[in-house]
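Throughout, residue positions are numbered sequentially from 1 according to the sequence presented.
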Amino acid sequence: TSVFKDFSLSIPFGQKVGVVGLSGAGKSTLTKLLLRFNDTDSGAVLIDGVDIRLVRQTDLRKSIAYVPQEPLLFHTSIKDNILLAQPNASDKDITRALEAAHAAHFVSQLPDGIGSIVGERGVKLSGGQKQRIAIARAVLQSAAIIVLDEATRALDSESEQMIKDSFTEILKNKTAIVVAHRLSTLSEMDR
């Protein structure tokens, strides 16, 4: 069965779009199509008028910063996990990304700071801490498009508010698609 039928969405550069809906409504499917985790059976997804099926997936993924519901962290340091987005970034760039994601404080409290090992799949961090590291990685990527797929789901309300407060900084000069269950998460969106 089709998830989308006669669906069309146009997002001008720099616009912030919030996507909200019930479980199973197709919110995450929309992001998967944009990132080519899934391909369309018919129709096309275009970025700047180019069908994304004509673009190498590695190039596509470099142009889209993605924070999934369940962030993927590797059994290495916080610094190395963030550097996946921009391997040549400086410590100053990493610090700015951590600050934008409201992760700098908790990272500074860890025994080895940004050198702290997160464990397999980030097991040594809480769900909210993992999510903020993933957001910092997306900030560091500096892609023109950012997709946050339920990126605040694992956060407590205080942490979610901190991330919402930093949306202005995180999403500045970017086209954004922010998927959420709660409408309140999307209050800073253009539409």
Side-chain angles (χ1 to χ4, degrees), residues 11 13-17 28 30-37 45 47-48 52 55-108 110 112-155 159-160 162-180 188:
I11 303 172
F13 177 78
Q15 190 171 73
K16 285 53 170 159
V17 175
S28 291
L30 180 66
T31 65
K32 288 176 181 161
L33 290 172
L34 178 63
L35 293 156
R36 285 202 67 208
F37 293 152
V45 177
I47 297 178
D48 291 336
I52 63 172
V55 177
R56 286 186 9 217
Q57 285 191 351
T58 53
D59 294 334
L60 178 67
R61 305 253 165 79
K62 285 179 187 172
S63 66
I64 302 172
Y66 175 57
V67 181
Q69 296 176 34
E70 297 293 329
L72 179 61
L73 297 182
F74 296 95
H75 184 58
T76 186
S77 68
I78 289 173
K79 178 179 180 175
D80 288 342
N81 270 285
I82 295 172
L83 283 174
L84 289 170
Q86 193 73 264
N88 299 324
S90 68
D91 283 354
K92 193 176 200 176
D93 293 332
I94 294 169
T95 299
R96 276 197 297 265
L98 287 167
E99 287 169 353
H102 288 278
H105 178 72
F106 90 77
V107 170
S108 71
L110 296 172
D112 296 318
I114 64 172
S116 297
I117 304 297
V118 300
E120 196 69 43
R121 302 181 65 85
V123 72
K124 294 183 179 182
L125 301 176
S126 72
Q129 289 171 333
K130 286 191 278 193
Q131 205 66 19
R132 286 183 277 171
I133 296 300
I135 291 169
R137 182 168 50 204
V139 168
L140 187 65
Q141 188 173 341
S142 295
I145 300 170
I146 187 166
V147 176
L148 304 175
D149 187 2
E150 305 253 12
T152 60
R153 188 182 78 156
L155 303 180
S159 298
E160 180 185 14
M162 284 192 286
I163 296 299
K164 272 181 57 183
D165 291 345
S166 65
F167 271 174
T168 305
E169 176 69 23
I170 292 171
L171 305 179
K172 189 168 151 184
N173 301 320
K174 296 184 185 325
T175 302
I177 298 173
V178 181
V179 176
E188 302 300 316

Side chains of [X] and [Y] in contact at under 4.5 Å (non-hydrogen atoms):
X	Y	result
V178	K16	no
I64	I146	no
I133	V107	yes
I117	D112	no
L60	R36	yes
K79	I94	yes
L148	I177	no
F37	R61	yes

Heavy-atom pair of closest approach, residues [X] and [Y]:
X	Y	answer
S77	G115	CB-O, 3.6 Å
P68	Q131	O-NE2, 3.0 Å
P71	A134	CB-CB, 3.5 Å
V118	F74	CG2-O, 3.1 Å
A65	A138	CB-O, 3.7 Å
A136	A101	N-CB, 3.6 Å

From [atom1] ([X]) to [atom2] ([Y]), nearest 0.5 Å:
X	Y	atom1	atom2	value
Y66	T31	OH	OG1	4.5 Å
Q69	S28	CD	OG	4.0 Å
K130	L73	NZ	CG	7.0 Å
D93	L98	CG	CG	11.0 Å
I114	D91	CD1	CG	4.5 Å
L171	Q15	CG	CD	12.5 Å

Given D80 and L84, is the side chain to side chain contact (heavy atoms under 4.5 Å, CB included) satisfied, shown in steps?
CA-CA 6 Å; D80 288 342; L84 289 170; over 6 Å; no
With side-chain hydrogen bond (donor to acceptor under 3.5 Å, both in side chains) as the test, would you mind laying out the steps for S142 and Q86 before giving the verdict?
CA-CA 9 Å; S142 295; Q86 193 73 264; 5.1 Å; no
Within the side chain of R132, is there an N or O that forms a donor-acceptor pair under 3.5 Å with the backbone of H102?
yes
Indicate yes or no for a side-chain donor-acceptor contact from R137 to the backbone of N81 under 3.5 Å, with no hydrogens or angles considered.
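Here the side-chain-to-backbone pair exists.
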Are there more than 12 heavy atoms of other residues, nucleotides or ligands under 6.0 Å from atom CG of D48?
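Incorrect, the count does not exceed 12.
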With side chain to side chain contact (heavy atoms under 4.5 Å, CB included) as the test, would you mind laying out the steps for L34 and I47 before giving the verdict?
CA-CA 9 Å; L34 178 63; I47 297 178; 4.0 Å; yes
